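As structure tokens, the structure follows; a few thoughts come after it.
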There are 2 protein chains.
Amino acid sequence: MFLQIEPQSDVPIYMQLTQQIIEGIASGQLKPGEALPSVRSFAADLGVNMHTVNKSYHELEKKGIVRIIPKSGAVVAGPNELGATDVQLQQVEQMLRPVVAEGLVIGLGEQDLQQLMQKLIKNLS
Amino acid sequence: MFLQIEPQSDVPIYMQLTQQIIEGIASGQLKPGEALPSVRSFAADLGVNMHTVNKSYHELEKKGIVRIIPKSGAVVAGPNELGATDVQLQQVEQMLRPVVAEGLVIGLGEQDLQQLMQKLIKNLS
DNA sequence: CGATTTGTTATAATATATATAGAACAGAAT
DNA sequence: ATTCTGTTCTATATATATTATAACAAATCG
């Protein structure tokens, strides 16, 4: 996997990891059922600490995006278990809310926002 | 202004403030040109520290949403100065990106996401 | 003008979050 | 049986968040 970590960013490393793994899944570079690298090897690749990768994996598990098999590893959730739970939908809505609000305030209309989203969807798929 | 601060939240207080003020502007409860409460009185109302409110105001200024008049106060930016700068648009896009990615991963389609956004726009306006 | 209010600045203290390091352990994989 | 896995623990360093005071100069108001 080809991902870029910026230690200087205001976004914590473990979050950068989480987001880029999610983008990797969205774009199909990571397929459902596929195993993620071990926390140790991944950490070595990225030049970060093992625990930082581990934290990201557990955040992904909390989001219901990966399944962690104890003492074994992390696996991208399959489409069966990846079912857009009410909780997950609510989470995305909660994330989207401040973004939409700020967009509206700086003068974006419904069409602008829809267009921006469409652009991102194409860019991520 | 009627806003709810949750000190226990994982979202920092100053960010909660920032987001809710933005929502207040989006919904018209706060009008362009209107002055925000003084950092002291607002802090007293909310039961938080003066500096926490001050931090939120400066974050809003950085976003180009309010204008800070030195030694005087913070004012909601007018529609003239609130012009959807390229920088601001890029910022919103950067905020939107991980949200869309996560939405796609949990199985939401373009229509689902558009619908969710539409719902939020109505809810915020 | 005089008093109050304003943001600003500085210092300090505390708590939490982030990140790294090293070690040890028990279960899984080979 | 050996290696690899996540897990757990201790420890440390840094950054962020929040509160608490205090003081100051500029703006505001009576």
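Only this structure's heavy atoms are used, side chains among them; waters, hydrogens and symmetry mates stay out. Given the structure is predicted, the values throughout are model-derived calculations rather than measurements. In what follows, every chain begins at residue 1, and chains take the letters A, B, ... in the order their sequences are listed.
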Using nucleotides 15-19 of chain D, report all nitrogen or oxygen pairs with the protein that are shorter than 3.5 Å.
| from | atom 1 | to | atom 2 | distance (Å) |
| --- | --- | --- | --- | --- |
| dA17(D) | OP1 | Tyr14(B) | OH | 2.7 |
| dA17(D) | OP2 | Lys55(B) | NZ | 2.7 |
| dT18(D) | OP1 | Ile13(B) | N | 2.5 |
| dT19(D) | OP2 | Asn49(B) | N | 2.9 |
| dT19(D) | OP2 | Thr52(B) | OG1 | 2.7 |

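Checking side-chain atoms of Glu110(B) against main-chain N and O of Ile121(A) turns up no donor-acceptor pair under 3.5 Å. Distance alone, capped at 3.5 Å, is enough to place a donor-acceptor pair between the Ser38(B) side chain and the Ser41(B) backbone. Side chain of Thr18(A) to main chain of Tyr14(A): a donor-acceptor pair is present (N/O by atom type, distance under 3.5 Å, no hydrogens or angles). Remark: side-chain polar atoms of Glu23(B) are not paired, donor with acceptor, to backbone N or O of Gln20(B) under 3.5 angstrom. No donor-acceptor distance shorter than 3.5 angstrom exists from the side chain of Ser9(B) to the backbone of Glu6(B), with no hydrogens or angles considered. Judged purely by atom type and a 3.5 angstrom limit, Glu93(B) has no side-chain atom pairing as donor or acceptor with the backbone of Gln90(B).
With salt bridges taken as basic N to acidic carboxylate O contacts below 4.0 Å, one links Lys63(A) and Glu102(B).
Between the CG atom of Asn54(B) and the P atom of dA20(D) there is a distance of 16 Å, rounded to whole Å. dA19(C) atom P lies 11 Å from atom CD of Glu59(A), rounded to whole Å. Residue Leu46(A) contributes atom CG, which lies 10 Å from atom P of dT20(C) at whole-angstrom precision. Arg40(B) has its CZ atom 13 Å from the C1' atom of dA27(D), to the nearest Å. The separation between Leu17(A) atom CG and dT20(C) atom P is 10 Å, rounded to whole Å.
For dT8(C), the OP1/OP2 oxygens have a side-chain nitrogen or oxygen of His58(B) closer than 4.0 Å.
Of the residues in residues 61-76 of chain A, Ile68(A), Lys71(A), Ser72(A), Gly73(A) come within less than 4.0 Å of DNA chain D through at least one heavy atom, sorted by number.
You'll find the side chain of Leu3(A) reaches within 4.5 Å of the side chain of Leu17(A), heavy atoms only.
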